[in-house]
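Note that the coordinates shown come from a computational prediction; the quantities given were computed from them, not determined experimentally.
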Amino acid sequence: MATCRLTMAQALLGFLKNQYVERDGREQRFFEGAWGIFGHGIIAGFGQALQQNPDFPYYLCRNEQAAVHIATAFAKARKRLSAFACLSSIGPGATNMITGAATATINRIPVLLLPGDIFARRNVAPVLQQLESEHSQDISVNDAFKPVSRYWDRINRADQLPCSVVEAMRVLTSPAQTGAVVLALPQDVQTEAWDYPAEMFEKRVWHIPRQAPEPVMLERAAAAIRAARRPLVVAGGGVLYSEACEALASLLGRTGIPAGETQAGKGSLPFDHPQNLGAIGVTGTPGANIAAREADVVISVGTRLSDFTTASKTAFQNPGVRFVNINVAEFDALKHAGLPLLADARAALEQLEAALSGYTVDPDYAHSIVEWRARWEEETDRIFDLRHGPPISQGEVIGAVSRAARPQDVVVNAAGSLPGDLHKLWRTRQPGGYHMEYGYSCMGYEIAGGLGIKMADPSRDVYVMVGDGSFLMMSSEIATSVQEGCKLNLVVVDNHGYSSIGGLSQAIGSKGFGTDYRRRTADGQLDGEYVPVDFVALCRGLGACTVRATTRQELEQALEAMRGHDRTTAVVIETDKEQRVPGYESWWDVAVAEVSESDSVRRARAQYKLDVQRERRHEVAAAGPMTPQTEPRP
């Protein structure tokens, strides 16, 4: 058998270079390179291998957590068909990546993490940055990755690598099981040589299947939908990942069934599609949430039915409501005692449309859909044209950015009050035009994520909308965007604190405690003047063209001027965080203190006790195969 004598790190890189994926006859290279920061636990092994392989690009980031966010956003924008590797030294570089790993795994996005590790031979321990344990010599900070990874391994011998990398690729390319994959690389083993089989470095193509629904379950699903009087689709991220947008639009157009979109699924339909009721759940529109409350059959497509989608199990109030769940993951397909269509979203929707031939919703229901859509468009225009302030409202800022962006452009966000407002208000025109990391809602994702999106498709302008809280956590990748020549359009919203949590604090009776950026006063409280932060100077210092806007007109002018810049550009604008976009027909379960000396907390607790009674246990609402709850409509 032919062999190649290589170091473990050289062999790992040689393997990664030759991994490809294929779906629908389209083949592409899976790994686009590696992000990271070199340290003593990685530079002599994988770093040396990268230096000798310029066809596998190395990208220098400013923070290892940001590197994983860049890789996550890139893979999400590429519909999980391309990925990056992320490397770090052992120690703080590795643990910096843990938050990124959790973000990728919770959102089910493929990233490969290669943290350096302690010496496998142990005799030089403890080395710099090593976590010692009196209970085991086989533990390091990299063990902390285990609960936030879909696959984890430590390569303690060079000859273990061929077995491990194939398992890593199995997970990375799985539509149902993907997430963060961690291969911990002891620094001595990285540099050790072994005679690797030559076939390990041959081109390997991983097929991404389109699993078809099981015929009996498809028949039952179609029967349940035909019997429904107020069916509703909940479109999740799986619609986008499986490239099922056209299939969804066709099914809804033929049947008249309306759809609400989750945070991950927004953009599955153009905002002006006749059946699109917009955002659903805690951050949803009135029409989508009223339709959810009254629905007798809910067809969830590629969603994990999180609490923001189900409004903490209060969204679906019809006593006889049943669920048809289209998903590649059995874990999600069986939620809410649903009828599971274990299948690729596009394959299932195409077959379901055929099975529903001739079916359309009632005229009264169709009329309600038209009315809900018209009222929401009026409400969106009202918020966009509010003319509040200065400081202006955040809704007006979103309106200005939405009008400045082209149909093909992308808005990105992750945390704070912006996700709720964007979910409701952003008018998405093309798939991928709305990029929200809301599985983990990780502060600091926005700028790094914007860079990953821009790298995934340089033809699309990327509008990074980021609050001051997230900006201050991780603004350093502005410099990386300049380094890589990837222009981002940054809109920094300065509202002097944590707007989202401030509002939540008020709602639970705590009056916004600890959520403003204020100076500490003589009485020991954080209730003084706002802390002055010069976001313009910060952005400029990191290499961005930056202006401050104080009025709506100045903001619109700045957004127009952005198009003329050839590098990352930022506009900083102060907003009035108390001028909020309303919530509509929905509720979120955040427990309120049962005992308190505060009258406002006691009032909030009394209301909470009433609200929580609306929560339903869908998992025990039905047993056995799903059957229609009503007779088929004539």
Side-chain angles (χ1 to χ4, degrees), residues 23-24 175-176 209-262 264-265 268-270 273-277 280 288 291-292 295-305 309 316 321-330 332-362 365-366 369 431 622 625-633:
R23 185 169 71 179
D24 300 332
R210 289 200 181 276
Q211 182 179 351
E214 200 275 329
V216 171
M217 302 306 283
L218 179 70
E219 181 180 345
R220 290 178 180 173
I225 296 168
R226 284 183 178 278
R229 285 174 166 77
R230 302 185 78 84
L232 174 70
V233 166
V234 177
V239 177
L240 294 164
Y241 297 140
S242 67
E243 299 177 295
C245 298
E246 292 184 7
L248 177 63
S250 179
L251 170 67
L252 302 186
R254 287 182 179 272
T255 62
I257 299 172
E261 298 175 314
T262 70
S268 298
L269 297 167
H273 187 283
Q275 264 54 57
N276 188 1
L277 295 177
I280 195 168
D296 50 1
V297 171
V298 176
I299 307 143
S300 79
V301 187
T303 173
R304 61 195 183 100
L305 294 170
T309 298
F316 309 108
V321 66
R322 293 295 182 264
F323 295 82
V324 173
N325 298 328
I326 299 171
N327 212 292
V328 292
E330 184 179 50
D332 293 314
L334 287 166
K335 286 179 177 175
H336 289 200
L339 185 151
L341 280 185
L342 199 61
D344 169 80
R346 194 171 88 182
L349 290 170
E350 289 173 346
Q351 293 195 26
L352 191 58
E353 180 180 342
L356 291 173
S357 177
Y359 168 84
T360 57
V361 300
D362 289 330
Y365 192 32
I369 295 166
M626 176 175 161
T627 55
Q629 300 300 299
T630 58
E631 293 299 320
R633 291 189 295 107

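Side-chain contact between V234 and I280 is present, with heavy atoms from C-beta onward closer than 4.5 Å. V298 is listed as a side-chain neighbour of V321, based on a closest heavy-atom distance under 4.5 Å. Residues L339 and N325 are not in side-chain contact: their nearest non-hydrogen atoms beyond the backbone lie 4.5 Å or more apart. Looking at heavy atoms from C-beta onward, L356 lies in side-chain contact with I225 at the 4.5 angstrom threshold. Residues N327 and L342 form no side-chain contact, since every pair of their non-hydrogen atoms from C-beta on lies 4.5 Å or further apart. Under the 4.5 Å side-chain criterion, counting only non-hydrogen atoms from C-beta, E330 is not in contact with P340. Considering only heavy atoms from C-beta on, T303 comes within 4.5 Å of S300 through its side chain. In this structure, the side chains of F323 and I299 stay at 4.5 Å or more apart for every pair of heavy atoms.
The minimum heavy-atom distance between A348 and I326, with the atom names listed, is CB-CG2, 3.6 Å. Among all heavy-atom pairs drawn from A259 and L252, the shortest one is CB-CD1, 3.5 Å. Summarising the geometry of A176 relative to V328, their closest heavy-atom pair is CB-O, 3.5 Å, with the distance given to 0.1 Å. For the pair A264 and L240, the tightest heavy-atom approach, listed with the atom from each and the gap, is O-CD1, 3.3 Å. Minimum heavy-atom separation, V233 to L248: CG1-CD1, 4.0 Å. For the pair F316 and A292, the tightest heavy-atom approach, listed with the atom from each and the gap, is CD2-O, 3.4 Å.
In this structure, S357 contributes its side chain and A354 its backbone to no donor-acceptor pair below 3.5 Å. Under the 3.5 Å distance criterion, the side-chain polar atoms of K335 are left unmatched by any main-chain donor or acceptor of L305. Judged by distance alone, the side chain of Y365 and the main-chain N or O of P231 form a donor-acceptor pair under 3.5 Å. Within the 3.5 Å criterion, the main-chain N or O of R229 finds a donor-acceptor partner in the side chain of D296. Proximity of a side-chain donor or acceptor of E261 to a complementary backbone N or O of S268 within less than 3.5 Å is detected. Judged purely by atom type and a 3.5 angstrom limit, N276 uses its side chain to pair as donor or acceptor with the backbone of P270.
Ion pairing of D24 with R346 is present here, as a side-chain N (NZ or NE/NH1/NH2) and a carboxylate O approach within less than 4.0 Å.
The number of heavy atoms from other shown groups lying within 6.0 Å of CD (E246) does not exceed 12.
The distance from the CG atom of L341 to the CD atom of Q211 is 10.5 Å, given to the nearest 0.5 Å. Separating the NE2 atom in H273 from the SG atom in C245 is a distance of 11.0 Å, to the nearest 0.5 Å. Interatomic distance, CZ of R23 versus OG of S242, reported as 6.5 Å (0.5 Å rounding).
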Given the rule in the side chain to side chain contact (heavy atoms under 4.5 Å, CB included) test, do V361 and I257 qualify, once you have shown the distances and angles that lead to the verdict? CA-CA 6 Å; V361 300; I257 299 172; 3.9 Å; yes

Does R210 form a salt bridge (charged side-chain N to carboxylate O under 4.0 Å, His left out) with E243? I'd like the steps, not just the answer. CA-CA 11 Å; R210 289 200 181 276; E243 299 177 295; 3.7 Å; yes

Derivation of the side chain to side chain contact (heavy atoms under 4.5 Å, CB included) call for I369 and L277: CA-CA 7 Å; I369 295 166; L277 295 177; 4.0 Å; yes

